[in-house]
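Here's the structure, in structure tokens; my notes come after.
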Amino acid sequence: MDWIKLTTKDLECVLNKPQLDILKAQALRSPDMDIAFEVISNIVARIRAEIAVSGLNSLDADHSRIPLELKDCALRLCVESLQARLPSMELSKLQIKYADDARETLVRVASGELPVSRPLFSISTATAKKGISSSASKKISTRKTMKEL
């Protein structure tokens with residue numbers, strides 16, 4: 001399955017009207033700084049890191065793509081992150097719950113409990129598992145050597 005790129009248009013679908021107005025006002029005040037794009041980029045990087053840490057999943061070769069099944073998680077975390085950047089943007093209780101659920105989903109992905117779809121052009125994230133080996137130490141003392149002690 002092909003992975004997706006998140007856009008600011010995707011983000012607009014999860015914001016309510018007052019939040020969207022605040023975001024648009026911020027964009028007009030600082031046209032050279034796109035806060036929404038920065039937030040999306042940071043959340044995409046975080047999600048890709050959570051996918052990679054399990055060692056079971058593969059990543060898309062394009063660093064701006066995430067699996068379609070994690071799109072909602074990404075958008076919910078973006079809303080929460082936007083609120084941190086724009087304190088006047090208040091989150092609803094439902095948006096806070098969705099962000100908590102998104103973090104729980106990412107924990108499951110990172111632990112390998114929840115695998116994600118394989119991208120068309122993938123990079124392996126599997127890491128060599130280092131095991132611990134133990135064995136009995138060589139016997140240094142014998143009855144003969146213990147007599148003098």
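The basis for the numbers below is simple: all heavy atoms, side chains too, and nothing from hydrogens, waters or symmetry mates.
- Rounding to the nearest 0.5 Å places CD1 of Ile22 at 4.0 Å from OG of Ser88.
- In the hydrophobic clustering of this structure, Val14 groups with Leu68; members are Ile, Leu, Val, Met, Phe, Trp, Tyr whose side-chain heavy atoms approach within less than 4.5 Å, directly or through other members.
- Every residue two or more places apart in sequence or in another chain that forms a side chain to side chain contact (heavy atoms under 4.5 Å, CB included) with Asp34 is listed here: Thr8, Ala36, Phe37.
- Tyr98 shares a hydrophobic cluster with Leu94; the chain of contacts runs through ILVMFWY side chains whose heavy atoms sit under 4.5 Å apart.
- Under the side chain to side chain contact (heavy atoms under 4.5 Å, CB included) criterion, Ile96 pairs with Leu91, Asp100, not counting sequence neighbours.
- For Glu69 (side chain) and Ser117 (main-chain N/O), a donor-acceptor pair under 3.5 Å exists by modelled atom type.
- Taken together through direct or relayed side-chain contacts under 4.5 Å among Ile, Leu, Val, Met, Phe, Trp and Tyr, Leu28 and Leu11 form parts of separate hydrophobic clusters.
- Sequence neighbours left out, the pairs with a member in residues 70-81 that pass salt bridge (Lys or Arg N to Asp or Glu O under 4.0 Å) are Asp10-Lys71, Glu80-Arg103.
- A search for side chain to side chain contact (heavy atoms under 4.5 Å, CB included) contacts involving Lys93 returns nothing, not counting sequence neighbours.
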How far apart are the C-alpha atoms of Asp60 and Arg48, what are their side-chain angles, what is the distance that settles it, and do they pass the salt bridge (charged side-chain N to carboxylate O under 4.0 Å, His left out) test? CA-CA 9 Å; Asp60 193 291; Arg48 289 177 60 88; 5.4 Å; no

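- In this structure Leu114 satisfies the side chain to side chain contact (heavy atoms under 4.5 Å, CB included) test together with Thr105, Arg108, Val109, sequence neighbours excluded.
- Rounding to the nearest 0.5 Å gives a distance of 11.5 Å between CD1 of Ile47 and CG of Leu59.
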